[in-house]
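Take a look at the structure set out below.
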Amino acid sequence: MSLKLYNTLSRSKEEFKSITPGLVGMYVCGPTVSGESHLGHARPYITFDVLLRYLTHLGYKVRYVRNITDAGHFEEEGREAEDKISKKAILEKLEPMELVHKYTGLFHWAMKEFNNLSPSIEPTATGHIVEQITMIEQIIKDGYAYVANGSVYFDVEKYNTDYSKKGLPYGMLSGRNIEEQLETTRELDNQEEKRNKNDFALWKNAAPEHIMRWKSPWGVGFPGWHIECSAMATKYLGEVFDIHGGGMDLQFPHHECEIAQSTVCNHKTPARYWVHNNMITINGRKMGKSYNNVIKLTELFSGNHPILEQAYHPMTVRFFILQSHYRSTLDFGNEALQAAEKGLKRLWEAYENLYKFSTADSLQAPVDAELDAKVVKLLAEFDEFMDDDINTAKVLASMFELVPVINGIKNKQLENGTLSNTTIELLKTKMKLFLEDIFGFTSMQQNTNGKLEGIVELLINIRKDAKAKKDFVTSDKIRNELAALGVQLKDEKDGTVSYVVE
RNA sequence: GGUCCUGUGGCCGAGUGGCUAGGCAGAGCUCUGCAAAAGCUUCCACAGCGGUUCGAAUCCGCUCGGGACCUCCA
């Protein structure tokens, strides 16, 4: 079996084949660092992190490019041109560069909290002004863009007419046609510079008060929203690359425009597989500034937000996201997050216990051949589910079916030697591979340099003595007060005591 | 208004037409000094109405509800 990915271009699952055997180029639209990252950002970057890890597991060498948008775009086209970053910079009395630096740092911090791997290249828009200008010049030269008052616009109408003949109409990704667009696009002000409402800016003339500005053949200004991704993807991944990812909300117009720009310059549709993750909703509504329901990642991890009943660990959020399929909307709620927190804890504890198993304990032939076979089957399905458009939800469900088996063996509720040595070894290998390497989970335990461990062991021993003397007042006091401090004692079947730190 | 997606049990969520994922919560039991943990068992579903089919949560139609995009957006 081989990996299948849902391709937005064809609206179907397609077998994944890389252009160059063994190598994959993947571009994912990164954040605009004019503000703090929020819960919504967690979804694509975790989703594509898992895809990156899975492709790597399959043996591909992946070049993962994720940009940082540090040059502002128009808040709203037609309104007075205002650069997101420069506007806020004035309000906060900060240099744009200072603001960008701050939020880029926060973004990187959050990505690390989520245990997302770093991209191979993380290019910035401001670092690629030259490439963008070069690309715009090319588009003008080919006749698909025009200059107006120091701004440059892409001629969507002409592009659509010419490229429809080649089977590459504008709107092919998002499934809309331009004729309808003309009738349904809202009436906007100050559009006289454009020949057509559908045209989009490649370069925008900067008003004198504008802080972010660069010299260009058309005057002083700044790049339009879409051109950076085309320029940087082409530069680092080539004219045609394997995977382009991002949130569904970017399908139109952003990715549509990217396709148009790149196609004009390179005469090819830039990416083979367009992969889009769905949105996270809060109470059934998409999170967004206009809805006033944005939860920033710092707030999510600290619990400091009116919607939040408690803080949520980055791993809980990661688990929550991977428990659904990336193409479904995922509804956020305290109850759901708390369920995820408990579920992950149970799964992770079983996993850690599994790793303590000695295969010397079990016999060569499984006592329970049926269960042994079931375990082997569940493990084999991990790969099948991932190959089927990265169905992390199904893999996790299978893992939960393995939890009672692992716990049963550990607590001797299952007979010694229930599973064969081979199966236990396979269980260990695959659980590690999927939980840590592919899903990217890490332990939520804090490293306390062994001091806490020593203290807890001491208390466990005192409690053991108290219990031996039937001094249950003391033993319960130790147990309950440790629990209040977040240290949960567990009396194991064999008389030993283990514990978990919250 | 246009285009598209969606409606699964208390909550979150998988679901390729037949074998009713999974998590959390609830109930019972085993274990336990008591509890927790763990194990076992168990209750509660496919928005509604039609249709196709031997058989539909899954396909089709209609109705109702929710959402997304069309504007910055992950």
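Every chain is numbered from 1 and lettered A, B, ... according to where its sequence line falls, protein lines coming before strand lines.
Side-chain atoms of A:Y326 and A:D389 form a donor-acceptor pair, as typed in the model, at a separation below 3.5 Å.
The salt bridge (charged side-chain N to carboxylate O under 4.0 Å, His left out) test applied to A:D491 returns A:R463, A:K467, not counting sequence neighbours. Residues meeting the salt bridge (charged side-chain N to carboxylate O under 4.0 Å, His left out) test with A:R318, sequence neighbours left out: A:D49. Remark: A:E457 engages A:I460, A:Y499 in a side-chain contact (heavy atoms from CB on, under 4.5 Å) (not counting sequence neighbours). The side-chain contact (heavy atoms from CB on, under 4.5 Å) check on A:K112 picks up nothing, with sequence neighbours excluded. A:E352 meets the side-chain contact (heavy atoms from CB on, under 4.5 Å) test with A:W348, A:S443; sequence neighbours excluded. Scanning for ring pair (Phe, Tyr, Trp, His ring centres under 6.0 Å) contacts around A:H38 gives A:H41, with sequence neighbours left out. A:N278 meets the side-chain contact (heavy atoms from CB on, under 4.5 Å) test with A:R43, A:M248, A:T329; sequence neighbours excluded.
Residue contacts for A:M248: at a heavy-atom cut-off of 4.0 Å it reaches no nucleic acid atom on any strand shown. Backbone-only contact: A:G284 has heavy atoms under 4.0 Å from sugar-phosphate atoms and none from a base. Residue A:F107 is classed as having no contact, given no heavy-atom separation below 4.0 Å to the nucleic acid. Using a 4.0 Å heavy-atom distance criterion, A:M287 is classed as a base contact.
Heavy-atom distances under 4.0 Å link RNA chain B to A:K467, A:F472, A:S475 of residues 463-475 of chain A, given in residue order.
Annotation: B:G22 and B:G15 have their P atoms spaced 14 Å apart (nearest Å).
For A:D476 and B:G33, a side-chain-to-base donor-acceptor distance below 3.5 Å is present, hydrogens and geometry of angles not being considered. For B:A38, the base has a donor-acceptor partner in the side chain of A:Q413 [N/O atoms by modelled type, under 3.5 angstrom]. No hydrogens or angles were tested; on distance alone, nothing pairs the side chain of A:N407 with the base of B:A37 as donor and acceptor under 3.5 Å. On a pure distance criterion of 3.5 Å, no polar donor-acceptor pair joins the side chain of A:R479 and the base of B:A36.
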In 5'-to-3' order, the base (B), backbone-only (S) or no-contact (-) status of each nucleotide in nucleotides 11-24 of chain B, using a 4.0 angstrom heavy-atom cut-off, is SSSSS-----BSBS
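The side chain of A:Y291 has B:C69 as its nearest neighbour among B:A36, B:A74, B:C69.
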